[in-house]
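Because the structure is a prediction, the values reported are computed rather than measured.
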Amino acid sequence: MKNGIVRSYPSIKQSYSTDIAIMGGGITGALIAYHLTKEGIPAILLDKRKIGMGSTCASTALLQYEIDTPLGELSRYVGTENANKSYLMCIEAIEKIQNITKSLKKEVGFSLKKSFYFASTQKDAKEIKSEYQLRKNIGIDLDILSSQDINKLFPFSAPAGLLSKDGAQLDAYIFTHELMNASMEKGLKIFDKTEVVEMNQHKRGVELKTNFGQTVKAKKLIIASGYESQGYLSKKIVDFNSSFAIVSEPFEAKKLWYENCLIWETARPYLYMRTTDDNRILVGGKDVTFYNPNKRDKITEIKGVQLKKAFEKKFPDLDFRTDFCWGGTFAETKDGLPYIGKVAEHPNTYFALGFGGNGIVFSLLAAEIIRDSLIGKKNKGEEIFKFER
């Protein structure tokens with residue numbers, strides 16, 4: 001997070017009644033608030049931290065239509081029709097995010113980028129060829145690259161790869177604050193450093209008690225607290241993983257590799273990288289399958305060294321000098337798709353949970369699905385991402 005604290009918000013000082021309460025002041029909560037206030041729906045947003053200071057400020061903010069689960073594999077989980085729809089909805093979401101950024105008063109570092117997905121091993125080349133055909137069949141704009149093609153475009157070798165037109169990147173932290181600003185102009189009330197310590201469900205709504213003793217009464221509650229949302233569900237639906245990232249000092253050259261595209265691979269956990277709007281290189285990956293902040297933080301520096309070495313193997317001629325190194329937590333689902341909607345145990349509550357590596361794109365879809373449900377409009381993603389799938 002290069003921008004520091006860009007805006008302060010107050011903690012709650014009195015009790016309120018509202019139509020909608022949103023728990024979570026990261027990018028997901030911000031997108032939900034933006035969509036609701038555009039519809040004129042009164043809302044109050046609460047966050048126990050400062051706005052944007054959870055997973056949002058740790059986000060590497062690659063916007064990809066490509067879900068962590070390849071299209072062929074996803075079809076086996078949710079059926080061909082729903083798998084295809086999921087991929088196409090993610091492409092639409094990137095365009096919708098671009099349109100939102102154009103409506104905001106300040107730049108948020110958005111730029112369209114191609115996405116290069118390469119086979120980590122010879123064995124994975126078969127998956128690349130299969131994925132190419134499956135995606136091409138539903139109208140996705142992409143090319144398949146041979147090992148010779150890759151050698152011409154990049155300083156590393158891979159047996160095969162996919163080069164997709166539809167990708168993007170942005171500054172997740174600034175985007176969150178700009179969404180909040182736009183929503184506040186339409187009536188959103190925001191309180192950070194305000195923790196919900198008690199939640200009471202009633203037939204007509206939800207009552208939230210805060211750490212300061214004030215209450216917020218709402219007809220509906222939306223929980224958009226990232227991986228922490230699992231704590232409000234009795235059934236375990238996600239697995240927690242720790243991920244790591246490094247960012248370089250700025251480079252002088254503007255072009256660092258082929259079209260400064262987004263890069264990631266078939267291996268799991270995968271290595272991924274992108275450039276930034278201030279000419280740095282961001283590298284992420286080396287995930288581990290546990291959630292323990294102390295344990296994660298102890299190995300962050302080691303993971304940072306490993307990420308740097310992995311990058312230097314691919315780009316030996318680039319003098320990567322690590323400027324920052326950090327770790328974060330994300331929730332992963334069995335099929336790679338998020339859970340968006342209601343559960344029986346919380347009838348007046350919506351959840352937006354389990355975003356994996358596609359956090360920002362899935363956040364946009366969650367905002368639309370929840371908004372449409374509240375205004376009585378059918379959304380094609382409602383069935384695909386529901387809890388009972």
Side-chain angles (χ1 to χ4, degrees), residues 60 62-77 83 87 90 113-136 140 142-167 169 239 241-246 248 256-275 281-289 299 302-318 320 327-328 330 332-336 356-359:
T60 49
L62 283 76
L63 307 186
Q64 294 171 292
Y65 76 87
E66 298 155 292
I67 295 162
D68 283 353
T69 308
L71 183 55
E73 185 182 344
L74 185 60
S75 297
R76 295 192 288 274
Y77 279 114
Y87 267 67
C90 287
K113 294 286 178 181
K114 289 182 179 179
S115 175
F116 176 54
Y117 178 55
F118 67 89
S120 307
T121 65
Q122 188 65 49
K123 183 181 174 184
D124 293 341
K126 186 177 178 182
E127 178 197 307
I128 290 290
K129 292 171 185 174
S130 171
E131 282 292 300
Y132 171 73
Q133 200 57 57
L134 290 170
R135 297 180 193 187
K136 202 75 176 173
I140 294 176
L142 78 169
D143 295 306
I144 188 165
L145 303 185
S146 66
S147 57
Q148 291 83 4
D149 296 328
I150 294 167
N151 285 333
K152 288 176 186 175
L153 298 178
F154 298 95
F156 60 88
S157 298
L162 298 176
L163 187 65
S164 299
K165 186 192 79 170
D166 299 292
Q169 62 190 44
D239 292 313
N241 295 280
S242 294
S243 189
F244 304 88
I246 54 173
S248 71
L256 296 167
W257 56 71
Y258 175 69
E259 295 195 18
N260 286 353
C261 61
L262 314 178
I263 300 175
W264 64 306
E265 62 176 333
T266 56
R268 295 295 184 270
Y270 53 82
L271 183 76
Y272 59 92
M273 56 199 78
R274 72 170 177 90
T275 60
I281 294 171
L282 190 155
V283 184
K286 298 295 178 183
D287 302 354
V288 287
T289 56
I299 64 170
I302 296 168
K303 291 291 184 178
V305 171
Q306 292 174 355
L307 286 169
K308 184 173 184 288
K309 286 181 179 177
F311 175 81
E312 288 171 342
K313 270 189 174 181
K314 299 292 181 192
F315 293 92
D317 295 333
L318 288 176
F320 189 107
F330 68 95
E332 185 177 51
T333 63
K334 64 181 184 294
D335 55 17
N358 279 55

Task: Side-chain touch Asp124/Glu265, heavy atoms, less than 4.5 angstrom - done: no
Open item on the list: Within this structure, what is the NZ-CG distance for the pair Lys113 and Asn260, rounded to the nearest 0.5 Å?
Closed with: 4.5 Å
TODO: Verify the neighbour count for atom NZ of Lys129: are there more than 12 heavy atoms of other residues, nucleotides or ligands below 6.0 Å?
DONE: no
TODO: Give the minimum heavy-atom separation between Leu62 and Met273, together with the two atoms involved.
DONE: CD2-O, 4.4 Å
- [ ] Check Ser115 against Trp264 and note the closest heavy-atom contact, atom names and distance.
- [x] OG-NE1, 3.5 Å
Task: Separation between CD1 of Ile299 and OG of Ser242, rounded to the nearest 0.5 Å - done: 7.0 Å
TODO: Kindly give the heavy-atom pair with the smallest separation between Gly285 and Tyr272, and that separation in Å.
DONE: N-CE2, 3.6 Å
TODO: Cation-pi check, Lys314 to Phe156: give yes when NZ or CZ is under 6.0 Å from the six-membered ring centre and within 45° of the ring axis, no otherwise.
DONE: yes
- [ ] Please report the C-alpha distance between Phe315 and Trp257 in whole Å, then the side-chain angles of each, then the deciding distance to 0.1 Å, and finally whether the side chain to side chain contact (heavy atoms under 4.5 Å, CB included) criterion is met.
- [x] CA-CA 9 Å; Phe315 293 92; Trp257 56 71; 3.6 Å; yes
- [ ] Supply the atom-to-atom distance Lys114 NZ to Leu262 CG, rounded to the nearest 0.5 angstrom.
- [x] 12.0 Å
TODO: Might you work through the side-chain hydrogen bond (donor to acceptor under 3.5 Å, both in side chains) test for Thr266 and Glu127, ending with a clear yes or no?
DONE: CA-CA 9 Å; Thr266 56; Glu127 178 197 307; 5.6 Å; no
Open item on the list: Using modelled atom types and a 3.5 Å cut-off, is there a donor and acceptor pairing between side-chain atoms of Ser75 and backbone atoms of Leu71?
Closed with: yes
Open item on the list: So Val305 and Ile246, do their side chains get closer than 4.5 Å, heavy atoms only?
Closed with: no
TODO: Look only at the side chain of Asn358 and the backbone of Gln64, and say whether a donor-acceptor pair between them is shorter than 3.5 Å.
DONE: yes
- [ ] Taking the six-membered ring for Trp and the full ring for Phe, Tyr or His, determine whether the centres of Phe118 and Phe154 are under 6.0 Å apart.
- [x] no
TODO: Check Ala267 against Ser120 and note the closest heavy-atom contact, atom names and distance.
DONE: N-OG, 2.9 Å
TODO: Any chance you could measure Leu153, atom CG, to Leu163, atom CG, to the nearest 0.5 Å?
DONE: 7.5 Å
Task: Min side-chain heavy-atom separation Tyr258-Phe116 under 4.5 Å - done: no
Task: Contact summary for Ala158 and Ile150, nearest pair of heavy atoms - done: O-CD1, 3.6 Å
- [ ] Begin with the C-alpha distance, continue with both residues' side-chain angles, and end with the deciding distance and a verdict on side chain to side chain contact (heavy atoms under 4.5 Å, CB included) for Thr289 and Glu332.
- [x] CA-CA 10 Å; Thr289 56; Glu332 185 177 51; 5.8 Å; no
- [ ] Check whether any side-chain heavy atom of Thr333 sits under 4.5 Å from a side-chain heavy atom of Tyr77, and report yes or no.
- [x] no
- [ ] Spell out, as yes or no, whether a donor-acceptor pair under 3.5 Å connects the side chain of Arg135 to the backbone of Glu66.
- [x] no
Open item on the list: So, using salt bridge (charged side-chain N to carboxylate O under 4.0 Å, His left out) as the criterion, who are the partners of Asp239 when residues are at least two apart?
Closed with: Lys236
- [ ] Report the C-alpha separation of Ser164 and Tyr65 in whole Å, then their side-chain angles, then the decisive distance to 0.1 Å, and conclude whether the side-chain hydrogen bond (donor to acceptor under 3.5 Å, both in side chains) test is met.
- [x] CA-CA 9 Å; Ser164 299; Tyr65 76 87; 2.7 Å; yes
Task: Nearest non-hydrogen partners of Gly336 and Ile67, listed with the distance - done: O-CG2, 3.5 Å
TODO: Using atom types as modelled and distance alone, determine if a side-chain donor or acceptor of Glu131 lies under 3.5 Å from a backbone N or O of Gly72.
DONE: yes
TODO: Return yes if some donor-acceptor pair links the side-chain N/O of Lys136 with the main-chain N/O of Leu142 below 3.5 Å, else return no.
DONE: yes
Task: Side-chain touch Ile128/Tyr117, heavy atoms, less than 4.5 angstrom - done: yes
- [ ] Calculate, to the nearest 0.5 Å, the distance between atoms CD1 and CG belonging to Ile281 and Leu256 respectively.
- [x] 4.5 Å
Open item on the list: Can you tell me how far apart NZ (Lys286) and OH (Tyr270) are? Round to the nearest 0.5 Å.
Closed with: 14.0 Å
Task: Minimum side-chain heavy-atom gap Leu162-Ile144 below 4.5 Å - done: yes
